Novice: 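Here it is: the structure, laid out below.
A quick note: this is a predicted structure, and the numbers were derived from the prediction, not measured.
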Amino acid sequence: MAEKRYEPQEIENKWQERWKEAELFKAKEDKSRPKFYGLEFFPYPSGNGLSVGHCRNYIPTDVICRYKRMRGFDVLHPMGWDAFGLPAENEAIKRKSHPSETVPKYVANYKRQMNLVGLSYDWSREINSSSPDYYRWTQWIFLLLYKRGLAYRSGAPINWCPSCGTVLANEEVEGGRCWRCETLVEKRNIPQWFFRITEYADRLINDLDDIDWPESIKTMQRNWIGRSEGVEFDMKISGYDESMRVFTTRVDTVFGVSFAVLAPEHPLVEKITTPDRRAEVEDYVKKAKVTSEIDRLSTERERTGVFTGAYAVNPMNGQSVPIYIADYVLATYGTGAIMAVPAHDTRDFDFAKRHDLPIKVVIAPPGWDGSELTEAYTEEGTMVNSGQFDGLPNKEGAKKIAEYMGSNGTGDVKVNYKLRDWLISRQRYWGAPIPIVYCEKCGEVPVPESMLPVELPYVEHYEPSGTGESPLATIPEFVNTTCPVCGGPAKRETDTMGGFACSSWYFLRYASPSCTDGPFDKDAADYWLPVDLYVGGAEHAVMHLLYARFWTKVLHDEGLINFVEPFHALRNQGMVLAPDPKNPSVWIKMSKSKGNVITPDEITEKYGADSLRVYELFVAPMTESIQWSEDGINGMYRFLSRVWRIVQDYGEFYDPEWRNTVRQESNSTPGNKAIARKVHQSIRKVTEDIESLQFNTAAAALMELLNELSKYTQNAKLDSKSAVFSESIEMLLTLLSPMAPHMADELWNQLGHEGFMLDLPWPEYDPEVAKAEEVTLVVQVNGKVRDKIPVPADTDTKKIEQLALESERVKPFLDGKKIRNVVVVPGRLVNIVVG
RNA sequence: GCCGAAGUGGCGGAAUGGUAGACGCGCCGGUCUCAAAAACCGGUAAGGGCGACCUUGUGUGGGUUCGAGUCCCACCUUCGGCACCA
């Protein structure tokens, strides 16, 4: 047989064409079979194209989808484009083009690259969030939220990114900076559209218990929502007919209040400040306004604040305490006012020290001798100096005080959240227009469903104005319209929705991507959803992954779907790291801006897509970051070349009818028996590993199988068709096919078969064949290995013990010592305990 | 500071409480070759011994157990997240 070298470039393109012609990856809705919906975060198409880093996201899902297909599932594995939004628009600006031109160009390139890697997407379901067919339904869902009272316009202070020229949601601000461009955000007061995600806070926390997500992401969401239970109560302000309402989670410490604090922005500040304090207070308020955002970034912040001149009364003991304003109290959380208990809160303690305020202990630490505290005591303890509550454990005291306050009307149990409503307006061009018009007579009017989509007009100059006004506001033909209610003159809302609106429901659209009478077909959504496995980066923990859960719950409440969580299992793939060109000993994330990108194009050109795929699967568990290594790829190329060669060298001994005789033949010689055993052990191992997403060890198992098979072919001296060899090579190719699909299909055809391995059933292992006949008995003395004895797998305990004690290697260690115990673990080891 | 994840050869990483280092990379030696590359075969935790073997070894210190990389306690380090949320 003429030896053919393994030239992946030749075969890969051929098979990609054949897969396409056969529509091999088209999702079938058989419905008599189980379904599997595998999904990756849909990317925004960038001009930089895909790197091998992006492939780390797509390859594992591709393997599991191909595997599930062979397992007999109806598989949905779609791909689409997060084409609306800031990243796409910024990129077009940078390249002095228009997003409507750049997006299709970049999409075509992404698609080309994805096919190059052999990803099994059903392209008949491709979606694009910037297409009117799609965003029409984004607008439709906006109106649904509006109808349900979950979308509203408000003038609360919001975060403004001066560089992006738009407002941002809270989730898009990281450490006081814009998450995209790292510019410091400013506070502005511009009326904006919000989604009332806070209404779903409790459900968003509780339902986390039912989904298979990384614990770290769940924790991040819980912390972001930040539920805390406490008590809200009134403190009367001396000399005024006013009181300040405060929130505390430590009502048990209320007898230790030695001052109270208002946020600088609190409306009461103006009213209660005494004339002699006014100048200083106003000065502080002014400073707080200007510097608070920047200050927040410094870790060692001073606990500043000023006295207002007013006093508040502690409702529990009637004591008057001074009221301060301080920027460590936030206007946006709770009531914007607190009771301060320096003895039991570290911030209040610092403030009290700095301003010379009393520190009164009311929760005694265990063994407390009455001395002064050197730092706040925030742990549990016994209540002291707390009137009738003295002597109670503080937790119990908290309950009693809350009850007492409830009964006399001073306070109530209250739950607060850190979560703020989701700000959706953007003063940018490239997004779905918010479907609202403002009529002089009728006021705010939603655009009727029949008039959707509100199309985004094409404009030459779409750059952000930076004034807080959307670029759409400069287009009279867009702005001026008629009121859908009264027909009178009206103006359109000119803000667009942030990109996270588009991505909050796209996974539903794939179920019925061309549905025209709704965002999706209910039956199709109920069949395919929820997503069984969702793979993407962890950076979306409190953005996309939170928003999508919220929208899913709203759609469920409207009766449009029958599930409440969109993504059953979630995994975060690890990053691909490459050396920093500025400092090659440092590994950093592969990115265009750092100049260390490797493209799949150059790698497939050199080694082929299958080598790239196996490399990214093998090098580490999918959730770990990896250090890119071309030597590593070459190793995978070598592995695949050896698979290739074994078919070239021994393919003539392959018999497609091997099933008839294989068990007989495999029992004929020890060599046959051993390789058959390895084959069936490998089927078990690879199956289990793919099921549990441990692709690295699955690939390692295939390498082991190949190593054994190579030895077998060298020793067996094959001279005619062999059922044992045939089973081995067929199983090797089958198990390899989800990871290296091009090579598998090529060799499968070279062995004389038609069609695609994807259409084959996944093999089952035979436990009888996989069973080891002989095991290595490890003999330990006091836990140290002293001998290894091969024994038949079914040797009984007594015999094992006897063999161990008779071992020549073991004897010297028993010499002159008393045997105290012999532990026998059948099939594994013996431990002789001497003393 | 709080929360989360993780520390294993030269490197990436394997190990239901039961032979630590599977598999791969790199390196060393060999075969083939005029030579090199490729390919193939063998070796490769550290220390000791001619050797069979022995000793040590999974971040540190304790503990539980016949037996601990794995479980428990304390600590150290790295990475990721949050950033005064009362």
Novice: Please classify the nucleic acid contact of A:G635 as base, sugar-phosphate, or nothing, using heavy-atom distances under 4.0 Å.
Specialist: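 Since only primed, P, OP1 and OP2 atoms lie under 4.0 Å of A:G635, the category is sugar-phosphate.
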Novice: Find which nucleotide of RNA chain B each of A:Y333 and A:S710 is nearest to by heavy atoms, and output the residue with the more 5' nucleotide.
Specialist: A:S710
Novice: Looking only at side-chain atoms of A:R828, point me to the closest of B:A86, B:A83, B:U16.
Specialist: B:U16
Novice: So if I take every side-chain heavy atom of A:V785 and compare against B:A52, B:A20, B:G24, which nucleotide ends up nearest?
Specialist: B:A20
Novice: Any chance you could list the contact pattern along nucleotides 66-73 of chain B? Use B for base contacts, S for sugar-phosphate-only contacts and - for none, protein heavy atoms under 4.0 Å, 5' to 3'.
Specialist: BS------
Novice: For the P atoms, the ones on B:U77 and on B:C25, what distance do you get once it is rounded to whole angstrom?
Specialist: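 Result for the P pair: 37 Å, nearest Å.
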Novice: From the list B:C3, B:A86, B:C25, which nucleotide is the closest neighbour of the side chain of A:D631?
Specialist: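 Per side-chain heavy atoms of A:D631, the pick is B:C25.
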Novice: Pick the C1' atom in B:G12 and in B:U16, then give their distance to the nearest Å.
Specialist: 25 Å
Novice: Can you find a donor-acceptor pair, distance only, under 3.5 Å between A:R786 side chain and B:U19 base?
Specialist: no
Novice: Hey, is the side chain of A:K784 poking within less than 4.0 Å of OP1 or OP2 on B:U56, counting only N and O atoms?
Specialist: yes
Novice: From the list B:G18, B:A14, B:G24, which nucleotide is the closest neighbour of the side chain of A:M703?
Specialist: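 Nearest to the side chain of A:M703 among the choices is B:G24.
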Novice: Determine the Euclidean distance between corresponding C1' atoms of B:C2 and B:U8; express it in Å to zero decimal places.
Specialist: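 Approximately 30 Å lies between the C1' atom of B:U8 and that of B:C2.
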Novice: P atom, B:C32 versus B:C27: distance in rounded Å?
Specialist: 22 Å
Novice: Does the separation of the ring centres of A:F618 and A:F639 fall below 6.0 angstrom?
Specialist: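 Distance test on ring centres: not under 6.0 Å, no.
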Novice: Which nucleotide, B:G13, B:A86, B:U19, lies nearest any side-chain atom of A:L330?
Specialist: B:A86
Novice: So which nucleotide from B:G12, B:A22, B:G4 ends up closest to the side chain of A:V619?
Specialist: B:G12
Novice: What does A:S228 touch in the nucleic acid at a heavy-atom separation under 4.0 angstrom: a base, only the sugar-phosphate, or nothing?
Specialist: sugar-phosphate
Novice: Fill in the dot-bracket string of RNA chain B, one character per base: . for unpaired, | for a pair to another strand, ( ) or [ ] for pairs within the strand, taking Watson-Crick or G-U pairs under 3.5 Å.
Specialist: (((((((..(((.....[....)))((((((.......))))))((((....))))..(((((..]....))))))))))))....
Novice: Under 4.0 Å, heavy atoms only, any strand: does A:Y615 hit a base, just the sugar-phosphate, or nothing?
Specialist: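 Since no nucleic acid heavy atom lies under 4.0 Å of A:Y615, the category is nothing.
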Novice: Could you please name the option among B:G12, B:G24, B:A15 that lies closest to any side-chain atom of A:T697?
Specialist: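 From the listed options, B:A15 comes nearest.
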Novice: State which of B:C82, B:G13, B:A39 makes the closest approach to the side chain of A:R638.
Specialist: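 The nucleotide sitting nearest to the side chain is B:A39.
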Novice: Partners of A:F41 by ring-ring contact (aromatic ring centres under 6.0 Å, His included), sequence neighbours excluded?
Specialist: A:Y534, A:H540, A:H544
